[in-house]
Amino acid sequence: MENNGMLNVKKWVVMYPVYINSKKTVAEGRRISLSKACESPNCIEISDCCKHLKLPSAVEIDKAYPRDFMQVGRVRVQLKREDGTLVNPAIASRKQLMQKIAELVPRHPERVKKQESQKAKKQEPQATTSTAGTSSKAGKGGKKKR
C-alpha cells in the first residue's frame, strides 16, 4: 500500500511557490497575473491552503525549482482521483488551483500574526527603508556582480 501511495503522489500536480509569487516576473516563473498573485508564499502556507480547500497535498522540502535552484520546496496536490473525477469540483485546473491558493495565502493565520507584529515594529524605522530604495537605479537587473 505504501509503495502504491508514492506512485499516486507522482501523478499529482506540482506547485512551486514561485508560480504565485507577486515578487517574481513571468520570466522568473510566475504563472498567474500580478493582480492575483501573493507576496512570497512558502510551501507550508500552500499546503495549509490545500487542506482548507479539502485537497490532498504533500510537501516536498528537498526539491528545488529548476529555474532558480535556491528556491527550495514544492507541493504536490491531488486535483483528480484515480478514476479521473475531481477531488474538489470547484477546482478543475492548475490555473484555478494557483488562483485559489494565491487568494488564500494572505489570509493564512501565520501571515496575519506576522503582519500584526510587524506593524508594531514598523512605527519607528520606516524613514530609513524609504531612502534606501530611491538611491539605487530601478530596473530589471538588480545589483550587478563584478
Side-chain angles (χ1 to χ4, degrees), residues 1-119 121-122 125 128-130 132-146:
M1 183 71 192
E2 189 114 344
N3 192 17
N4 192 15
M6 288 309 288
L7 286 172
N8 291 349
V9 173
K10 289 261 186 274
K11 288 182 181 156
W12 293 4
V13 170
V14 172
M15 176 114 174
Y16 288 98
V18 182
Y19 292 173
I20 58 171
N21 191 345
S22 62
K23 293 254 172 114
K24 297 289 178 187
T25 63
V26 170
E28 288 171 321
R30 182 169 45 80
R31 290 196 179 181
I32 57 174
S33 65
L34 246 178
S35 58
K36 291 179 181 163
C38 59
E39 199 176 300
S40 310
N42 64 35
C43 292
I44 285 80
E45 289 169 341
I46 292 172
S47 174
D48 289 346
C49 292
C50 290
K51 282 191 192 93
H52 177 75
L53 295 167
K54 295 179 174 55
L55 292 169
S57 63
V59 177
E60 296 175 323
I61 295 293
D62 55 324
K63 301 292 184 181
Y65 184 58
R67 275 192 229 177
D68 178 10
F69 52 85
M70 295 307 287
Q71 297 238 322
V72 184
R74 72 179 179 195
V75 183
R76 290 262 191 182
V77 186
Q78 185 180 15
L79 289 184
K80 294 179 180 173
R81 296 189 188 89
E82 290 288 298
D83 59 359
T85 57
L86 295 170
V87 177
N88 183 342
I91 298 168
S93 67
R94 286 178 160 90
K95 199 81 150 194
Q96 283 176 318
L97 173 71
M98 287 177 217
Q99 288 171 353
K100 283 271 193 231
I101 290 176
E103 207 176 286
L104 289 169
V105 166
R107 289 181 270 162
H108 190 274
E110 290 294 316
R111 211 163 254 235
V112 175
K113 270 186 223 165
K114 273 184 198 166
Q115 283 174 343
E116 284 169 6
S117 67
Q118 281 178 345
K119 277 180 191 169
K121 287 178 189 171
K122 270 195 175 172
T128 56
T129 54
S130 61
T134 54
S135 61
S136 65
K137 193 182 97 182
K140 270 204 256 178
K143 285 188 178 175
K144 295 273 190 272
K145 288 180 182 152
R146 293 180 184 195

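What you see below is based on every heavy atom in this structure, not just the backbone, and it leaves out hydrogens, waters and symmetry mates.
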Can you check whether [X] reaches [Y] side chain to side chain, under 4.5 Å on heavy atoms?
| X | Y | value |
| --- | --- | --- |
| Ile91 | Leu86 | no |
| Val75 | Ile101 | no |
| Val87 | Val77 | no |
| Met98 | Met15 | yes |
| Lys24 | Gln71 | yes |

What residues, two or more places apart in sequence or in another chain, satisfy side chain to side chain donor-acceptor pair (under 3.5 Å) together with [X]?
| X | value |
| --- | --- |
| Lys23 | Glu39 |
| Glu110 | none |
| Ser33 | Ser35 |

So, for [X] and [Y], which heavy atoms are closest and what is the spacing to 0.1 Å?
| X | Y | value |
| --- | --- | --- |
| Arg30 | Leu34 | NH1-N, 3.4 Å |
| Ala58 | Val9 | CB-CG1, 4.3 Å |
| Pro17 | Gly73 | CD-O, 3.5 Å |
| Val59 | Cys43 | CG1-CB, 3.8 Å |

Distance, nearest 0.5 Å, that separates CD1 of Ile46 from CG of Leu104: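 With rounding to 0.5 Å, CD1 (Ile46) is 11.0 Å from CG (Leu104).
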How would you list all residue pairs meeting ring-ring contact (aromatic ring centres under 6.0 Å, His included) that involve residues 53-90, not counting sequence neighbours?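 Of all non-adjacent pairs touching residues 53-90, those that pass ring-ring contact (aromatic ring centres under 6.0 Å, His included) are Tyr16-Tyr65.
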Sequence neighbours left out, what pairs pass side chain to side chain donor-acceptor pair (under 3.5 Å) with at least one residue falling in residues 85-106?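 Matches after skipping sequence neighbours: Arg81-Thr85, Asp83-Thr85.
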Non-neighbouring partners of Cys38 that pass side chain to side chain contact (heavy atoms under 4.5 Å, CB included), sequence neighbours left out: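 For Cys38, the residues satisfying side chain to side chain contact (heavy atoms under 4.5 Å, CB included) (neighbours in sequence not counted) are Ile20, Pro41, Ala102, Val105, Pro106.
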May I have all residue pairs that pass salt bridge (Lys or Arg N to Asp or Glu O under 4.0 Å) and include part of residues 40-61, sequence neighbours excluded? Glu45-Arg111, Asp48-Lys51, Glu60-Arg74, Glu60-Arg76
I'd like to know if the side chain of Arg31 reaches the main chain of Tyr19, judged simply by a donor and an acceptor atom lying under 3.5 Å from each other, with no hydrogens or angles considered.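 Checked: no pair found.
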